[in-house]
2 protein chains.
Amino acid sequence: MNKIQESENCKNCNCKSSIFKSLTPEELDQIDKGRYTVHYKAGEILFKQGTPSPHFVCLTNGLAKLYIEGYGKNLILALVKPVDYIFGPGIYVDNRHYYSAAAVEETTACLVDVNIFKLLIRKNPDFAEEFIQRVSRQAIFNFDQVVSLTQKQMPGRIADVLFYLREKIYDKNPFEITISRQDLADLSGMSKESSIRIFKELKEEGILKVNGNTVEILNEKQLRQISQTG
Amino acid sequence: MNKIQESENCKNCNCKSSIFKSLTPEELDQIDKGRYTVHYKAGEILFKQGTPSPHFVCLTNGLAKLYIEGYGKNLILALVKPVDYIFGPGIYVDNRHYYSAAAVEETTACLVDVNIFKLLIRKNPDFAEEFIQRVSRQAIFNFDQVVSLTQKQMPGRIADVLFYLREKIYDKNPFEITISRQDLADLSGMSKESSIRIFKELKEEGILKVNGNTVEILNEKQLRQISQTG
DNA sequence: CTGACTGATTGATATAGATCAATAGAATAT
DNA sequence: ATATTCTATTGATCTATATCAATCAGTCAG
């Protein structure tokens, strides 16, 4: 991920998430007061499922994974890249995290006091609406994911993950995969070995070109087909 | 489900969903203006995935299922009973339904104009906050479901569905299952035949007592165990 | 009462995908 | 440079679960 210029203040920060666009300069000042910046090395945990959630996280550099620690394995709900924020549902329920977050690459994040955020939600209807919109989009994404995971076979699920990585995360083709094969498996709800095997098959069929961690989707049509047929 | 007394007006309606508690009488009047009551027979569709979503639905009687029509099969996201509302994420995104809803039993619902609802979200911060809380709880529920569906084996998934039915839907033990075996399967992400088989096994092990459609959880501890071990 | 449709049940079979085990590379430490 | 550790890869085996097919029970129209 490209390095984004950080700022000393939320007002003139060019890495602020788009939901903040409806906030006035004064409101951004409020946010800024309860904010601090933290750096994480790859692999480090931002927060753990089950722990209290006193702030929400805005990613300004790097890449993080959000994952549920289930029964033996993990399920990756989403990857988060700059500039996006991580705002779990627990904040409006019992102030706990319902999933864990870990840095996949070297990562920088702003932590913002959750109470200030909640206050602004009450005060600024545009901001509230923007927020509800984000939460809604997230829910729709989760629907797609759960259908993919429960109704498609492995090749379809891997296809979906590949499209996700290309369109939502790395934003180009070819792209360099910076997550591990285990992460790939946790994203597609299968064993690490299976994800590797499907990956290989797609490569052998000429649908993917794989060079180390650099992946290119050569035959988009066919991959789309695989995604559809499950 | 017991029949709940309906009213001619939202203000003195005793079947209003609890999120409306933060609304003033005037605001309830507004809701009431764009509201109408509809009856559905068992099996009838309230709305279809993909169609526009001009109102949100508040269930006052009966039982409905919310389900995603996937690749060949359906996935039931939730059952909805009185008094609860159905408010899909599409309303704040592109005004489309992202899942379908159908009556499982004879059902009555109030349809409320979505624009009035949105207006009140902007106007009344308590209402907005209440709404966000609901959406958050829903998200947490979905997390639990996706973990159950992707990481547990069939007995664990059926156990989860049984607890769901007892605790969240029928609210008693023994309870009478009013959904079909196919619905049971769509709730637990497996084939109809498999759901029947697991059901039978639980009965034979003495964990369940089954009499027609009346089910009693006899050994809660053991069923909880099955849910845990996957 | 009787055929005919629908949902529930059971059994037999096939297979997608997990698991286990071994090896090969890469990366990091000594 | 070498040892060590961790991740990636491949192969062999096993099993959970789907699918197919048949039967059974209940319900409804005539």
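Just the heavy atoms: all of them, side chains too, but no hydrogens, waters or symmetry mates, feed the values below. A note on names: the letters A, B, ... follow the listed sequences, proteins ahead of strands, and every chain is numbered from 1.
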Give a yes or no answer on whether the side chain of B:R35 reaches the backbone of B:V112 with a donor-acceptor pair at less than 3.5 Å. no
Option from B:S194, B:S188, B:S195 for which side chain to side chain donor-acceptor pair (under 3.5 Å) with B:S191 holds: B:S194
Could you state the interatomic distance from CG (B:L184) to CD1 (B:I179), rounded to the nearest 0.5 Å? 5.0 Å
Go through the structure and list residues passing side chain to side chain contact (heavy atoms under 4.5 Å, CB included) with B:Q133, not counting sequence neighbours. A:Y92, B:E130, B:R137
Separation of D:dT9 atom P from A:L202 atom CG, nearest Å, is 13 Å
Between protein and nucleotides 25-27 of chain C, what N or O pairs are separated by less than 3.5 Å?
none

Given the options B:L77, B:I76, B:D186, B:I68 meets side-chain contact (heavy atoms from CB on, under 4.5 Å) only with B:L77
Side chain to side chain contact (heavy atoms under 4.5 Å, CB included) with B:D144: which residues, sequence neighbours excluded? none
Mind telling me whether A:H97 and A:F47 have parallel, tilted or perpendicular rings, with 30° and 60° as the class edges? parallel
Among pairs that include at least one residue of residues 176-204 of chain A, which meet ring-ring contact (aromatic ring centres under 6.0 Å, His included), considering only residues two or more places apart or in two chains? none
Could you give the NZ-to-C1' distance, from A:K41 to C:dT28, as a whole number of Å? 15 Å
Output one line per pair: protein atom, nucleotide atom from nucleotides 22-29 of chain D, and distance, for all N/O pairs under 3.5 Å.
none

With sequence neighbours excluded, what pairs up with A:D113 under the side-chain hydrogen bond (donor to acceptor under 3.5 Å, both in side chains) test? none
Close approaches to DNA chain D from residues 173-185 of chain B, in residue order (heavy atom, under 4.0 Å): none
For B:I196, side chain to side chain contact (heavy atoms under 4.5 Å, CB included) partners two or more places apart: B:R181, B:K192
Of all residues at least two apart in sequence or in a different chain, which pass the side chain to side chain contact (heavy atoms under 4.5 Å, CB included) check with A:K209? A:E216, A:L218
Aromatic ring proximity B:F131/B:F87, centre distance under 6.0 Å: yes
Backbone N or O of B:G189 within a donor-acceptor pair of the B:R157 side chain at under 3.5 Å? yes
Write down the distance between CZ (B:F199) and P (C:dG7), rounded to a whole number of angstrom. 18 Å
Rounding to the nearest 10°, end axes of the helix from C:dC1-D:dG30 to C:dT30-D:dA1 built from five pairs each make an angle of 40°
Within residues 69-78 of chain A or reaching into it, pairs that qualify as salt bridge (charged side-chain N to carboxylate O under 4.0 Å, His left out) - sequence neighbours excluded: A:K48-A:E69
State plainly whether the residues B:R224 and B:E220 are in salt-bridge range, i.e. N to O under 4.0 Å. yes
Produce a footprint string for nucleotides 10-23 of chain C: one letter per nucleotide, 5' end first; B if the base is under 4.0 Å from any protein heavy atom, S if only the sugar-phosphate is, - if neither. BBB---SSSBB---
